[in-house]
Trainee: 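Sharing a structure here in structure tokens format.
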Amino acid sequence: MGLRGKDVLGLEDMTVEEIELILQTAESMREIMTRMIKKVPTLRGKSIVNLFYEPSTRTRSSFELASKYMSADSVNIATSTSSVQKGESLLDTARTLQAMGIDLVVIRHQSSGVPHFLARHLDASVINAGDGMHEHPTQALLDMFTIKQHKGDLRGLRVAIIGDILHSRVARSNIWGLTKMGAQVAVAGPATLLPPEMADLGVACYDRVEDAVAGADVVNVLRLQLERQRKGLFPTTREYAHYWGVNRRVLSLAKPDHILLHPGPMNRGVEISTDVADGNGSVIEEQVTNGVAVRMALLYLLLGGKSDEAVN
Ligand code: CP
């Protein structure tokens with residue numbers, strides 16, 4: 001069994017079996033990352049382009065490392081220094097890259113739906129590395145992988161997602177994925193950052209962070225996305241930190257063995273306090289490590305690797 005399509009665009013359309021396959025494949029990839037020589041020949045001869053229209057540290061560098069660990073050739077395109085600056089369209093940019101013989105495009109774009117548009121127009125595979133406020137499927141997959149490593153099974157877990165839900169593609173992908181996998185999701189944030197459609201997605205919505213965190217196995221704190229916000233959604237970052245920031249007092253309401261996630265980059269002292277970000281329950285650095293393994297798994301599954309070849 002493999003993935004159904006040539007692309008990975010979001011978790012809304014992914015089946016439980018596909019999610020399980022990706023998480024299981026990522027376990028083999030995680031093992032490769034512990035070796036002295038972190039390199040397998042599995043994707044030799046394959047070419048991957050990372051096309052990022054928005055800034056990224058974790059996602060872009062982990063896709064690049066994932067490509068290298070699997071012996072694929074990868075190219076990073078920063079739109080600030082590409083012909084996008086001369087007015088070249090997205091589609092012309094992608095077709096130009098395809099004409100050079102690439103097999104897969106990893107795209108991040110500020111507009112929702114851009115990866116889906118590219119997937120319709122290119123023969124190459126497309127992976128969504130974050131599209132506007134829509135989805136960030138590879139982040140949600142690495143979050144689920146990290147949770148599974150600590151908790152064993154996602155079914156029945158109580159997961160609290162806290163903060164700027166409105167602008168968060170991470171929240172949407174996590175909600176699609178976690179609810180499919182049988183977790184109970186609660187979200188909390190200021191009323192202005194809680195979109196009304198959340199209730200239709202099968203999640204419990206709260207405007208007090210304490211109510212969402214109470215009894216949680218997992219607390220996932222979102223970055224306050226100031227770059228996507230118009231003015232007036234909350235009074236000040238100081239008040240945001242006071243009412244919706246996750247700190248030691250708030251986490252004392254979660255289960256004693258809770259784990260704490262954040263997709264990064266963090267606004268320390270705003271949505272998360274430094275003591276808990278660096279504290280015992282924090283798995284934030286593990287998320288980063290697991291991001292490479294999950295992205296290796298996705299490249300492998302999309303570019304036609306066979307299950308018994310991955311680790312040799
Ligand atoms: N979590 C995440 O997408 O981080 P980057 O913006 O650094 O890729």
Side-chain angles (χ1 to χ4, degrees), residues 8-12 22-23 26 48-69 74-80 104-115 126-147 149 159 161-178 187 189 193 218-229 246 259-268 270-272 277-278 282-299:
V8 170
L9 302 176
L11 294 196
E12 183 176 2
I22 294 164
L23 300 183
I48 295 162
V49 169
N50 295 316
L51 180 58
F52 278 59
Y53 284 75
E54 284 188 330
S56 169
T57 298
R58 278 149 281 269
T59 312
R60 197 178 70 175
S61 45
S62 62
F63 266 114
E64 188 176 0
L65 281 172
S67 312
K68 289 185 190 320
Y69 291 167
S74 66
V75 175
N76 287 324
I77 299 191
T79 52
S80 58
L104 188 146
V105 182
V106 179
I107 173 112
R108 171 172 286 187
H109 201 280
Q110 61 276 15
S111 299
S112 300
V114 161
V126 175
I127 297 181
N128 180 0
D131 63 325
M133 292 160 34
H134 181 220
E135 282 227 40
H136 193 347
T138 66
Q139 177 69 43
L141 287 163
L142 76 88
D143 291 344
M144 288 194 283
F145 182 82
T146 306
I147 296 170
Q149 277 195 322
V159 182
I161 303 177
I162 308 298
D164 182 359
I165 311 287
L166 177 66
H167 299 98
S168 178
R169 51 199 181 201
V170 174
R172 279 177 189 74
S173 287
N174 261 283
I175 289 168
W176 286 117
L178 286 165
V187 298
L193 296 177
V218 179
V219 179
N220 194 348
V221 184
L222 302 172
R223 182 172 70 86
L224 188 56
Q225 303 204 21
L226 294 166
E227 77 277 18
R228 293 191 210 281
Q229 296 194 4
V246 171
I259 55 170
L260 175 69
L261 284 78
H262 189 299
M266 289 184 272
N267 297 303
R268 287 174 182 262
V270 181
E271 72 264 5
I272 191 165
D278 300 333
S282 172
V283 296
I284 295 168
E285 286 186 14
E286 287 175 46
Q287 287 175 271
V288 177
T289 309
N290 292 336
V292 180
V294 164
R295 287 160 182 140
M296 287 168 77
L298 290 170
L299 297 179

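Values reported hereafter were calculated over all heavy atoms of this structure, with side chains retained and with hydrogens, waters and symmetry mates removed. Indexing begins at 1, ligand by ligand and atom by atom, following the structure's order.
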Trainee: Using side chain to side chain donor-acceptor pair (under 3.5 Å) as the criterion, point out the one residue from Arg268, Gln287, Glu271 that pairs with His262.
Mentor: Glu271
Trainee: Answer yes or no for Arg223: is there a heavy-atom contact with ligand 1 below 4.0 Å?
Mentor: no
Trainee: With sequence neighbours excluded, tell me which residues meet ring pair (Phe, Tyr, Trp, His ring centres under 6.0 Å) with Phe52.
Mentor: none
Trainee: Mark the output for Arg108 as yes if a heavy-atom distance to ligand 1 is under 4.0 Å, and as no if none is.
Mentor: yes
Trainee: Minimum heavy-atom separation for Val106 to Leu104, with atom names?
Mentor: CG2-CD2, 3.6 Å
Trainee: May I ask you to check whether Pro263 has an N/O atom sitting below 3.5 Å from an N/O atom of ligand 1?
Mentor: yes
Trainee: Below 4.0 Å from ligand 1: does a non-hydrogen atom of Gly264 turn up there or not?
Mentor: yes
Trainee: Please could you name the atoms of ligand 1 that Thr57 approaches to less than 4.0 Å, counting only its heavy atoms?
Mentor: 5 (P), 7 (O), 8 (O)
Trainee: Using a strict 4.0 Å threshold on nitrogen-to-oxygen distance, state whether Arg172 and Asp131 make a salt bridge.
Mentor: no
Trainee: What distance do Ile48 atom CD1 and Ile127 atom CD1 have between them, rounded to the nearest 0.5 Å?
Mentor: 7.5 Å
Trainee: Suppose I only count heavy atoms of Thr59 and a 4.0 Å limit; which atoms of ligand 1 are within that range?
Mentor: 2 (C), 3 (O), 4 (O), 5 (P), 8 (O)
Trainee: Nearest to atom 3 (O) of ligand 1 by heavy atom, His262, Arg58, His136, Arg60: which?
Mentor: His136
Trainee: Between Arg60 and Glu64 (salt bridge meaning N to carboxylate O under 4.0 Å), is one present in this structure?
Mentor: no
